[in-house]
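Working notes, structure below.
All heavy atoms count here, side chains included; hydrogens, waters and symmetry mates do not.
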Amino acid sequence: MTTPTLNTIGLIACFAGFVLLFRYGMPFRVKTGGVTYIITHTISETEKALEARYTKLGWLGFALVGIGTVFQIWGNWV
């Protein structure tokens, strides 16, 4: 692969990662376990599913930023 190709792949991956991170937040969000209010003792399955989705997409965004950075570094070494 050429330097411009690697840098372009890295920039696209970083951009996609940042979009995911801004949309879904960093993956270290405080887990609620599905509990929506402190007063109630019920567990909401939809909240648990939403929380899992945000966690997965947050980690994906974080990984894309890391992968994009690696591609950019690699592109500068080629």
Side-chain angles (χ1 to χ4, degrees):
M1 290 185 157
T2 64
T3 298
T5 304
L6 290 171
N7 282 331
T8 303
I9 291 170
L11 286 171
I12 291 170
C14 281
F15 179 74
F18 283 127
V19 168
L20 286 173
L21 285 176
F22 275 106
R23 172 65 180 97
Y24 295 104
M26 290 294 288
F28 54 80
R29 181 179 158 192
V30 177
K31 293 187 181 282
T32 62
V35 178
T36 55
Y37 301 103
I38 297 173
I39 300 169
T40 65
H41 296 289
T42 60
I43 295 176
S44 170
E45 293 301 320
T46 56
E47 283 295 316
K48 284 178 69 174
L50 184 64
E51 193 173 283
R53 178 180 178 206
Y54 272 61
T55 300
K56 288 175 188 173
L57 290 173
W59 278 111
L60 176 63
F62 194 66
L64 282 174
V65 170
I67 290 168
T69 303
V70 168
F71 268 93
Q72 289 179 16
I73 292 170
W74 184 21
N76 286 326
W77 282 359
V78 172

### Query
With Thr46, which residues qualify under side-chain contact (heavy atoms from CB on, under 4.5 Å), at least two apart?
Ser44
### Task
Evaluate side chain to side chain contact (heavy atoms under 4.5 Å, CB included) for Arg53 paired with Tyr24, printing each intermediate quantity in order.
CA-CA 9 Å; Arg53 178 180 178 206; Tyr24 295 104; 3.3 Å; yes
#### Entry: Co-membership, hydrophobic cluster, residues Leu20 and Leu11, 4.5 Å side-chain
no
#### Entry: Point-to-point distance, once rounded to the nearest 0.5 Å, from CG of Asn7 to OG1 of Thr2
9.0 Å
Please tabulate, one pair per line, all N/O donor-acceptor pairs under 3.5 Å involving side-chain atoms of residues 70-78, not counting sequence neighbours.
from	atom 1	to	atom 2	distance (Å)
Asn76	ND2	Gln72	O	3.3

### Pairwise side-chain contact, Leu60 with Leu57, heavy-atom cut-off 4.5 Å (strictly under)
yes
### Query
Taking a hydrophobic cluster as the set of Ile, Leu, Val, Met, Phe, Trp and Tyr residues connected by side-chain heavy atoms closer than 4.5 Å, whether directly or through intermediates, do Leu6 and Ile67 fall within one such cluster?
yes
### Task
Return the set of residues passing side-chain contact (heavy atoms from CB on, under 4.5 Å) with Arg23 (not counting sequence neighbours), or none when no residue passes.
Tyr54
### Taking every non-hydrogen atom, the tightest pair across Val65 and Cys14
O-SG, 3.6 Å
### Query
Is there a side-chain contact between Trp59 and Phe62 (heavy atoms, below 4.5 Å)?
yes
